Participant: 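Attaching a single structure in structure tokens format; questions to follow.
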Amino acid sequence: MSNLAFNRHSVWAIYKFEMARALRTLFQSIIAPVITTSLYFVVFGAAIGARMTQVDGVPYGAFIVPGLIMLSLFTQSISNASFGIYFPKFTGTIYELLSAPVSFLEIVVAYVGAAASKSIALGLIILATAALFVPVRIQHPLWMIAFLVLTAATFSLFGFIIGIWAKNFEQLQFIPMLIITPLTFLGGAFYSIDMLPPAWRTVTLFNPVVYLISGFRWSFHESADVSVELSLAMTLGFFAVCLAVVGWMFKTGYRLKS
Amino acid sequence: MAAIISISNLTKTYASGHPALKRVDLEIHQGEIFALLGPNGAGKTTLINIVCGIVTPSAGTILAAGHDIQRDYRAARAKIGLVPQELSTDAFESVWATVSFSRGLFGHAPKPAYIEQVLRDLSLWDKRQNRIMTLSGGMKRRVMIAKALAHEPQILFLDEPTAGVDVELRRDMWALVRRLRENGVTIILTTHYIDEAEEMADRIGVIDKGELILVEEKSTLMKKLGKKQLTLNLSEPLAAIPSELGDWHLVLNGGGTELEYTFDAVDERAGIPALLQRMSDLGIRFKDLHTRQSSLEDIFVSLVSDRSGG
């Protein structure tokens, strides 16, 4: 087989392996995030949301649905993908991956594809869960799916980078806990950035997560903090940067090969 | 014989500055069992890891089954199976799943009948549904071998295959290696156990401090460097070695009761009958005799200590 051909058996083997891991840890992978999200709806949707005015003409409970899905999508994509590649490094089984006749792109497609599949499934499950608590309407279902897939793939890729970079379990947790979660909370998951004072609104526009959540929310409610084109461009840009970084990591063998 | 692996001018210097391999040239012949011997840190594992794609070489080229391992890595790696030294396995997967995974990873369509054969050969068939974490160390070692064989490689690297395994598994492993060789698989093994190399290998390479200091047919090596020693237990102690026996450079031991004659394996025929004849003429009688041939271990120790001694 030439170096350029696509090695489907290898990709499928890794993909299946990663999906089997998710099924074994079904509770952590699916049920735990669903319970967490349900708690958000109970607190923000039913308890507090009932006392809040509408945001951009959308009831508060429904308004937070896209943000909550995104919150789970970010954290789960990162944790799935980072763990998927970090664990073989930790146990030493990475030797097999490095000695296999697979290209970096195939490894990425398989690992990131599996991580993204899981978080997309999770996003849809959370959406279904949300529909039990609040009325959910999706104005642009295709765009909704497009943003869901693109965001899942981008953050899985980002998680994959973290998994290669991390030297221990603390580092594996570091970026999701200390960077992604705060950026998501401050990125308009629970509010429209128009609700902020002008100075803070400007600061918030430097938060890349704002663009991701805004585009996704637009596909639900047609209301957005920034234009949908800009949202899409930012997401694609982030995806391209992550792909370039992973490419560099495999080319140089960064923290993979000595 | 055709070379299945050609290594030329291979050099590896780690980022720490440690030179692990220095301009190594080596050809592995198709279908042979090649044993790579060397003390800890000599560069054996580095050499294997470079051929398998786990470590990046600093310089040099390697062809595996005619394919450059860097430029044409897919074709090269597809031919190679590796059983690393460290016991690294998944924990939660079943034996069957992990071996099937390896086959897929190396680009092959599933072939359950072949996987079954591999598992049966390695006495793993009964354990196929067990999770790997529940297996003993020896069984995990077998699983790693099964994984390495899952894609029907032509070249198999066994890095210290019998380190820390029991006698039974060692025998099984040797039998398996011979069967694989009969099927045309080329096997390169590293080992600390010289008897293993002596038992198994067709050719032997000795590596020390990153340099390949010797590559020989095992039999040639034993002949060239092997010493034989004849010990004669005398009926009556001798006070000194008679001058008539001076040609043989004998050594008198055991308070005059043992005569030792050390000779090269090559000229063994020449010395002994003449010595015995001369002793008989002199009326020196012996009640027992035995000969001892130096093992590969003696050869190896003398090679490596000669170098470190200067």
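Per chain, numbering begins at 1; letters A, B, ... match sequence-line order. From a predicted model like this one, the values you see are computed outputs, not experimental measurements.
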Participant: Return yes if some donor-acceptor pair links the side-chain N/O of B:R103 with the main-chain N/O of A:A13 below 3.5 Å, else return no.
Facilitator: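 A pair under 3.5 Å: no.
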
Participant: Is B:Y14 atom OH crowded by more than 12 heavy atoms from other residues, nucleotides or ligands, each under 6.0 Å away?
Facilitator: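 Atom OH in B:Y14 is crowded, with more than 12 foreign heavy atoms closer than 6.0 Å.
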
Participant: Which heavy-atom pair separates B:T56 from A:K257 by the least distance, and what is that distance?
Facilitator: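 In this case the closest contact between B:T56 and A:K257 is OG1-CD, 3.7 Å.
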
Participant: Most heavy-atom pairs under 4.5 angstrom with chain A, which of B:G81, B:C52, B:A148, B:A91?
Facilitator: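 Counting heavy-atom pairs under 4.5 Å, the top option is B:C52.
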
Participant: Identify which part of A:L97 has an atom lying under 4.5 Å from any heavy atom of chain B, answering side chain, backbone, both or neither.
Facilitator: both

Participant: In terms of heavy-atom proximity below 4.5 Å to chain A, should B:T89 be classed as side chain, backbone, both, or neither?
Facilitator: backbone

Participant: Evaluate the side chain to side chain contact (heavy atoms under 4.5 Å, CB included) criterion for residues A:T91 and B:S88: first the C-alpha distance (whole Å), next the side-chain angles of each, then the deciding distance (0.1 Å), finally the verdict.
Facilitator: CA-CA 6 Å; A:T91 59; B:S88 322; 5.7 Å; no

Participant: Taking atom CZ as the centre, does A:F239 end up with more than 12 heavy-atom neighbours from other residues, nucleotides or ligands that are less than 6.0 angstrom away?
Facilitator: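 Yes, because the 6.0 Å sphere around CZ of A:F239 holds more than 12 heavy atoms from other groups.
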
Participant: With a 4.5 angstrom heavy-atom cut-off, is it the side chain or the backbone of B:A78 that approaches chain A, or both, or neither?
Facilitator: both

Participant: For B:R179, does the CZ atom have more than 12 heavy-atom neighbours from other residues, nucleotides or ligands under 6.0 Å away?
Facilitator: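 Yes.
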
Participant: Among A:A20, A:G253, A:S258, which has the most heavy-atom pairs under 4.5 Å with chain B?
Facilitator: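 It is A:S258.
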
Participant: Is there a side-chain contact between A:P101 and B:Y73, using heavy atoms and a 4.5 Å cut-off?
Facilitator: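 Result no, sub-4.5 Å side-chain heavy-atom pair not found.
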
Participant: Restricting to non-hydrogen atoms, name the atom on B:R77 and the atom on A:V102 that form the minimum distance, rounded to 0.1 Å.
Facilitator: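 Taking every non-hydrogen atom into account, NH1-O, 4.3 Å.
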
Participant: With a 4.5 Å limit on heavy-atom distance, are the side chains of A:F17 and B:L105 in contact?
Facilitator: no

Participant: Verify the neighbour count for atom CH2 of B:W125: are there more than 12 heavy atoms of other residues, nucleotides or ligands below 6.0 Å?
Facilitator: yes

Participant: What part of B:F101 gets within 4.5 angstrom of chain A, counting heavy atoms only: side chain, backbone, both, or neither?
Facilitator: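 Backbone plus side chain of B:F101, per the 4.5 Å heavy-atom cut-off to chain A.
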
Participant: Roughly how far, to the nearest 0.5 Å, is the CZ atom of A:F87 from the CG atom of B:D90?
Facilitator: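 So the gap between those two atoms works out to 8.0 Å.
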
Participant: Given a strict heavy-atom distance threshold of 4.5 Å, which part of B:S102 is in contact with chain A: side chain, backbone, both, or neither?
Facilitator: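 Both backbone and side chain of B:S102 come within 4.5 Å of chain A.
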
Participant: Does CZ in A:F174 sit with more than 12 non-hydrogen atoms of other residues, nucleotides or ligands closer than 6.0 Å?
Facilitator: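 Not more than 12 within 6.0 Å, no.
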
Participant: If you count heavy-atom pairs under 4.5 Å between each of B:H108, B:H67, B:M144 and chain A, which one has the most?
Facilitator: B:H108

Participant: So which residue, B:H151, B:E86, B:K147, ends up with the most heavy-atom pairs under 4.5 Å with chain A?
Facilitator: B:K147

